[in-house]
Amino acid sequence: MDQNQIAAVMHLNGPALVVAGPGCGKTKVISERINYLTTNKKISGKNIVAISFTRFSSRELKERTILLNNNLTSVFYGTFHSFFLNILIRYSSFTYDCVIDENEKKSLLRKILLNKLNLNPVSSDFLTSIISEIEKEILNSSKSYTKSLESEAKTIIDVIIKSYAAWKIKNKRLDFNDILYTTYDLLYNNEDILKELRKKFKYFIIDEFQDINEIQYKIIKLLIQGEDNLFVVGDEDQAIYSFRGSNPKYITDFLNDFPKGKIYKIVLSYRCPQSILRLSNNLISNNKYRTEKDIITFNNFKGITNIVDYENETNQAINIAKKILRDNLILENTMILYRTNRESLFLMKAFIDFNIRFYVKNFSFNTLNSFVVKDIISYIDFSLNRSLSSLKNIKNKPNRNITNQDIIKRFNNHQKWNFISSRRLNDIYKKGKIIKNLSFTKAVNFILNDIGYKSYAIKYYEINGIDLELLEDVISEFLGLFPENSTLEEGFKQYYSYLSLIDSINFKVNSGVLLTTVHGAKGLEKDNVFIVSLNEGYFPHKRASLENELEEERRLMYVALTRSKKNLYLSYIKSKTNDLKPSVFLDEMKYK
Ligand SMILES: Nc1ncnc2c1ncn2[C@@H]1O[C@H](COP(=O)(O)OP(=O)(O)OP(=O)(O)O)[C@@H](O)[C@H]1O
């Protein structure tokens, strides 16, 4: 260990913040400190709580600490949720089985929408948006769910929140947010329980402190009161979870909260070569809300760093696959990072075609199954194939007052249509003929704008209180999956090949090249790191328009760059047919 690491490890009592750059050994410091407290200072492992942000990193911390000293199993290693749930199980009548996971939450909300509001959330976008509205509501009001029952329900979201909360209370169930708020209520209102816990847990260690949210912080402050033995480790430049309520201000304001606190800075990186540190430092210095750290490196490796442009995403994916094979890169030492899951489709396809072993982390991509996309595909299917089921699906989107009976009447057993006898059906038929002669992209735009499908979809989103930006996202993500010159047939086939591609992936495998969003790469390191589609609108994401949102995108890019131990390959799309611009981050990195 270096001098700065040793100083932090040997911190004994009182509050301490360890600020350390990427690869500076934060996990190492935590495991060494646990060992130091127990071995040198004879503090019982039972008095120590070590909290990590994910179950994965908590397992890793436990393994690394036990490797140092196999007597260290009695320390509590876990996430905030697991630690708080243990408290609830001990002091309230909750059990492990009471926790509602995200899938169960979705199906409960679906039932509530159907039974209470007579709304059938056919699309997963709708449910996802309801869930995110509920999360926002809870985060903004900072209230426990039981309190939400006290106020009057005014909007659809209120009704859902109330019914959901009432169901949880009746059935003694808790979702992830409830674990936090219920723990806070329990401890805030029960001095005896707090006293008992303070006696039992004397040393709190928190990793990834930049990602803590307000309610987690409030609970921890209640638990440490008196002794203030809080040892937190973090890097405000790697705070990337503000959408979950995290706030790097808890790092920057640490001394305001704990005026007697000690700050340890660790600036020697054991991971990134000098060239990569230079680029990442140049980039992050564009963020205003941070304290400057001068990170130096121990890694003398002269790795490759390059920036390449490609004509489109398919091309980019194919060239990356070829490069991995040509340069004989070790698959397990290689990862590909992207801002959104959409990019992974191109990569998965290329890797399958080139027979490269890979696995995907954090995959979630609902666009292809959203009802908007399915309806557009129905229009195309009807135009190309005269499909009966597709016609039934689109007949009243937008409303044309056509019934299934109208359709059946004009469809004989030989699959021949007689549209002429119905003015409204004849209109769809004629539009279908126009669509048939357009390219895929033009056809989609014709369906959206000339046929009026978009106005229909906007109305649906508005009635159901779904954010209209989500509709724009679905449309642009969908269109972006197809080369602009695809014919209608090619695009139609491509759509189904994307669906079967996703179906064919075994998401449980975890060997080979890692494909992941940047969020999924937090805490990981590999020799070879590719970061793809570095274009304005993709990375930084188009939603990041406010300064603080752009700063968060920049921190995400910083996390991405600093995953590399040797080589870094950056790429962006430069096409003649679209106006995609290279990411502003490429300039800010000052790569020459
Ligand atoms: N004193 C040291 N000597 C040699 N290697 C070290 C030392 N400290 C840490 N390392 C190595 O440096 C790498 C990064 O360490 P670690 O994963 O703990 O970093 P980190 O600060 O948690 O990184 P990040 O913030 O990016 O997640 C690891 O491979 C670790 O084994």
Side-chain angles (χ1 to χ4, degrees), residues 1-10 16-36 50-68 77 79 205-212 231-241 246 248 251 263-274 276-277 279-281 283-284 290-291 293-301 303 332-333 335 337 361 514 516-529 531 554-566 568:
M1 281 191 295
D2 60 62
Q3 288 308 309
N4 293 331
Q5 287 178 325
I6 293 170
V9 165
M10 289 173 59
L17 162 67
V18 180
V19 183
C24 291
K26 290 189 275 298
T27 318
K28 190 172 178 69
V29 165
I30 293 179
S31 45
E32 292 282 355
R33 179 164 188 263
I34 294 173
N35 191 23
Y36 174 79
I51 291 184
S52 306
F53 201 66
T54 63
R55 260 186 284 177
F56 176 85
S57 39
S58 166
R59 238 186 340 242
E60 191 189 301
L61 175 66
K62 184 173 180 180
E63 279 164 17
R64 279 169 73 167
T65 313
I66 291 172
L67 267 184
L68 293 176
Y77 303 92
T79 59
I205 300 175
I206 302 177
D207 195 5
E208 308 275 17
F209 186 63
Q210 72 279 359
D211 290 325
I212 198 167
F231 183 89
V232 301
V233 180
D235 178 4
E236 81 262 26
D237 291 334
Q238 294 186 64
I240 55 173
Y241 283 104
S246 311
I251 283 201
I263 309 271
Y264 299 91
K265 282 196 180 182
I266 306 182
V267 289
L268 185 56
S269 174
Y270 294 86
R271 178 187 299 144
C272 304
Q274 184 56 44
I276 295 176
L277 270 188
L279 298 182
S280 42
N281 285 340
L283 173 90
I284 203 66
R290 65 185 288 266
T291 36
K293 300 191 269 305
D294 261 334
I295 299 173
I296 45 174
T297 185
F298 200 73
N299 179 349
N300 291 322
F301 189 82
E332 267 67 30
N333 277 346
M335 67 176 154
L337 305 181
K361 214 179 144 199
L514 168 62
T516 178
T517 58
V518 182
H519 281 103
K522 186 85 179 291
L524 302 181
E525 56 184 20
K526 298 270 181 197
D527 283 351
N528 312 302
V529 173
I531 311 175
R554 200 174 279 116
R555 291 193 292 266
L556 259 179
M557 182 67 184
Y558 181 75
V559 169
L561 292 171
T562 54
R563 297 309 92 199
S564 171
K565 292 201 272 183
K566 288 187 176 167
L568 180 66

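Both counts, for ligands and for their atoms, begin at 1 and track the order of listing. These values consider heavy atoms only, across backbone and side chains, with no hydrogens, waters or symmetry-generated copies. Worth saying up front: this structure is predicted, and the values here are computed from it rather than measured.
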Next on the checklist: Within the 4.5 Å heavy-atom criterion, are E236 and V19 side-chain neighbours or not?
Outcome noted: yes

Next on the checklist: So F56 and K361, do their side chains get closer than 4.5 Å, heavy atoms only?
Outcome noted: no

Expected rows: ligand 1 N/O, protein N/O, dist below 3.5 Å:
unit_1, atom_1, unit_2, atom_2, d
ligand 1, 1 (N), Q5, OE1, 2.8
ligand 1, 1 (N), Y270, OH, 3.3
ligand 1, 8 (N), Q5, NE2, 3.1
ligand 1, 18 (O), K26, N, 3.4
ligand 1, 18 (O), T27, N, 3.2
ligand 1, 18 (O), T27, OG1, 3.4
ligand 1, 19 (O), G25, N, 3.3
ligand 1, 21 (O), C24, N, 3.4
ligand 1, 21 (O), G25, N, 3.1
ligand 1, 21 (O), K26, N, 2.9
ligand 1, 21 (O), K26, NZ, 3.1
ligand 1, 22 (O), T27, OG1, 3.3
ligand 1, 23 (O), G23, N, 3.0
ligand 1, 23 (O), R271, NH2, 3.1
ligand 1, 25 (O), K26, NZ, 2.6
ligand 1, 25 (O), Q238, NE2, 3.1
ligand 1, 26 (O), G23, N, 3.4
ligand 1, 26 (O), R271, NH1, 2.6
ligand 1, 26 (O), R271, NH2, 3.3
ligand 1, 26 (O), R563, NH1, 3.0
ligand 1, 26 (O), R563, NH2, 2.9
ligand 1, 29 (O), E525, OE2, 2.7

Next on the checklist: In the structure I gave you, are the side-chain heavy atoms of M1 and E32 within less than 4.5 Å of one another anywhere?
Outcome noted: yes

Item to check | Test side chain to side chain donor-acceptor pair (under 3.5 Å) applied to Y241 - qualifying residues, sequence neighbours left out | outcome: none

Checklist entry - Between I30 and V233, is any pair of side-chain heavy atoms under 4.5 Å apart? => result yes

Item to check | Side-chain heavy-atom pair R271, R563 within 4.5 angstrom cut-off | outcome: yes

